[in-house]
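Whatever order the structure lists ligands and atoms in, that order sets their numbers, starting from 1. Positions are given from 1, in the same order as the sequence printed here. In this text the structure is predicted, and so the values were computed from the model without any measurement.
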Amino acid sequence: MRATATAQPNIALIKYWGKRDTALNLPAVGSISITLSDLYTRMTVDFDDGLEQDVLHLNDEPNDKLLPRLSNALDIAAGGDRPKARIISECNFPIAAGLASSASSFAAIVVAASAAMGIERSVGELANLAGRASGSAARSLYGGFVELENSGDAVVVGELLSADDWPLDVVVAVTATGPKPVGSTEAMEISRKTSPFYDRWVSDQPDDLASARDAIASRNFSALASIAEHNCLKMHSVMWSSRPAIVYWNDATLACLQTIRQLQSDGVAVFFTIDAGPQVKAVCDPADTATVEAALSATDGVRDILTSGLGEGARLT
Ligand code: DP6
């Protein structure tokens, strides 16, 4: 009753922010993301009747902080009456700093737990289970360019283009490594209840999704850049206009945006996106990756640079 799965984080270009059902964790809006190749979470789930409680080892250290949500994901994937489990997780990038570590963790644990229990599930079923644990995790079941459609009582997730169809790179400028002040689950609810812009955010999303879908289908970089930056800034405007305000940015976040604006005016094919954290993700044409890495490394306050191509969905390893 043991299995290991690997999943990569995904970065949303058209963002998920807000829930229409908190009990089932159903998103209020559809979203479009790209799955990365070089950052990963590898998760082993070992169900053991002899254990009295779940235990988690993260990068060889016992970890109680992340255990409750992972135990909940095991309940979702294997049922509340499942045996207790030993969870061994290995992650090669900073956790809980807005780098979508939850997406890769929940995608990997749902795949590993299903296999460890001997339950065969389609990718769509696994995506729905991962999405109940964390909305963005549903997208990490797929590779390349992924759309999550928000319809009915389940989410429909599918691949728009594979990683090989349109190779792009993502350069992550790490501007802080500590955990974020407020997690996205809680922050989304604050936005839904208090931001005067929230309803408009939800009602505009189908147009942004359509624009991004068209840009991806025609591999039109500047059209994708334009809609992705707009959608990102709109999501952060919803956060900033929430009460209390949710501000994940720091000085270096803004400095990175200025660096990217300068690169764009020099003709470099690059655009930014930012999630629930202070890191800036620069999406670029692989021909420009070295230029983007050099410019972001030289930006004040940038502590580290992580670069990744686009990769495949979660799988058993
Ligand atoms: C800003 O998927 O972490 O990264 O469903 O509550 O676990 P929960 O939220 P989560 O939120 C991700 C928010 C985002 C945008 C995105 O990835 O689409």
Side-chain angles (χ1 to χ4, degrees), residues 7-36 39 41 66 68-73 76 93-110 127-142 145-150 154-155 157 170 172 179-193 195 198 201-202 205 208-209 212 227-240 242 246-249 253 272-281 283 314:
Q8 279 100 245
N10 67 78
I11 305 291
L13 303 182
I14 303 297
K15 309 288 188 187
Y16 149 48
W17 195 254
K19 298 174 196 287
R20 86 187 134 90
D21 183 325
T22 46
L24 292 174
N25 201 39
L26 290 171
V29 290
S31 52
I32 290 179
S33 60
I34 44 181
T35 302
L36 304 184
L39 313 182
T41 300
L66 300 175
R69 279 192 82 183
L70 290 173
S71 290
N72 178 51
I76 291 170
F93 59 100
I95 310 269
L99 280 183
S101 56
S102 63
S104 50
S105 299
F106 292 121
I109 200 167
V110 162
N128 269 280
L129 295 175
R132 278 181 55 199
S134 181
S136 53
R139 300 185 308 239
S140 275
L141 264 298
Y142 296 82
F145 295 75
V146 179
E147 175 162 10
L148 183 152
E149 282 174 46
N150 179 38
V155 294
V157 194
V170 179
V172 182
K180 49 197 172 193
V182 45
S184 33
T185 306
E186 186 187 343
M188 276 184 208
E189 279 298 280
I190 297 173
S191 288
R192 182 177 67 80
K193 289 179 186 150
S195 169
Y198 181 79
W201 156 257
V202 173
Q205 190 81 338
D208 289 10
L209 288 164
I227 193 62
E229 288 188 353
H230 170 68
N231 188 266
C232 163
L233 293 176
K234 212 159 51 175
M235 177 185 75
H236 285 276
S237 305
V238 171
M239 295 173 178
W240 290 10
S242 300
I246 301 151
V247 179
Y248 288 114
W249 299 19
T253 310
F272 65 79
T273 190
I274 305 164
D275 292 298
Q279 331 302 4
V280 176
K281 290 114 185 190
V283 182

Just let me know how R69 lines up against ligand 1, side chain, backbone, both or neither, with a heavy-atom cut-off below 4.0 Å. side chain
Are W201 and K15 close enough that some pair of their side-chain heavy atoms sits under 4.5 Å apart? yes
Before giving the answer on side-chain hydrogen bond (donor to acceptor under 3.5 Å, both in side chains), spell out for S140 and S104 the whole-Å C-alpha distance, their side-chain angles and the decisive distance to 0.1 Å. CA-CA 6 Å; S140 275; S104 50; over 6 Å; no
Could you tell me whether ligand 1 has any atom less than 4.0 Å away from a heavy atom of A276? yes
Assess the residue pair E149 and L209 against the criterion (side chain to side chain contact (heavy atoms under 4.5 Å, CB included)); give the C-alpha distance rounded to whole Å, side-chain angles, the decisive distance to 0.1 Å, and a yes or no. CA-CA 9 Å; E149 282 174 46; L209 288 164; over 6 Å; no
Nearest protein heavy atom with distance in Å, relative to atom 2 (O) of ligand 1: S136 OG, 2.6 Å
Distance (rounded to the nearest 0.5 Å) between Y16 OH and N150 CG: 10.0 Å
Can N10 and V146 be said to form a side chain to side chain contact (heavy atoms under 4.5 Å, CB included), step by step? CA-CA 9 Å; N10 67 78; V146 179; over 6 Å; no
May I ask you to list the atoms of ligand 1 that are less than 4.0 angstrom from any heavy atom of A12? 16 (C), 17 (O), 18 (O)
Part of S134 with heavy atoms under 4.0 Å of ligand 1, whether side chain, backbone, both or neither: both
With a cut-off of 4.0 Å, which atoms of ligand 1 are near a heavy atom of S184? 3 (O), 9 (O), 10 (P), 11 (O)
If we ignore hydrogens and angles and just use 3.5 Å, is the side chain of D208 paired with the main-chain N or O of I227 as donor and acceptor? no
Identity of the nearest option to atom 8 (P) of ligand 1, non-hydrogen atoms only, from H236, K19, M239: K19
Enumerated ligand 1 atoms positioned under 4.0 Å from heavy atoms of D275: 1 (C), 4 (O), 14 (C), 15 (C)
In ligand 1, the atoms that come under 4.0 Å of a heavy atom of N25 are 5 (O)
With side chain to side chain contact (heavy atoms under 4.5 Å, CB included) as the test, would you mind laying out the steps for F106 and L70 before giving the verdict? CA-CA 7 Å; F106 292 121; L70 290 173; 3.7 Å; yes
Is there a side-chain contact between L24 and K19 (heavy atoms, below 4.5 Å)? no
Closer than 4.0 Å to some heavy atom of G135 - which atoms of ligand 1 meet that? 2 (O), 5 (O), 7 (O), 8 (P)
Starting from atom 13 (C) of ligand 1, which protein heavy atom do you reach first, and at what distance in Å? Y16 O, 3.5 Å
Ignoring angles and geometry beyond distance, decide whether R139 reaches within less than 3.5 Å of ligand 1 through its nitrogen or oxygen atoms. yes
Note, W240 side chain near S195 side chain (heavy atom, < 4.5 Å): no
Quick one: do S105 and R69 satisfy side chain to side chain contact (heavy atoms under 4.5 Å, CB included)? Show the steps, please. CA-CA 10 Å; S105 299; R69 279 192 82 183; over 6 Å; no
Any N or O of M188 that comes nearer than 3.5 Å to an N or O of ligand 1? no
In ligand 1, the atoms that come under 4.0 Å of a heavy atom of T185 are 6 (O), 7 (O), 8 (P)
Under 4.0 angstrom from ligand 1, any heavy atom of R132? no
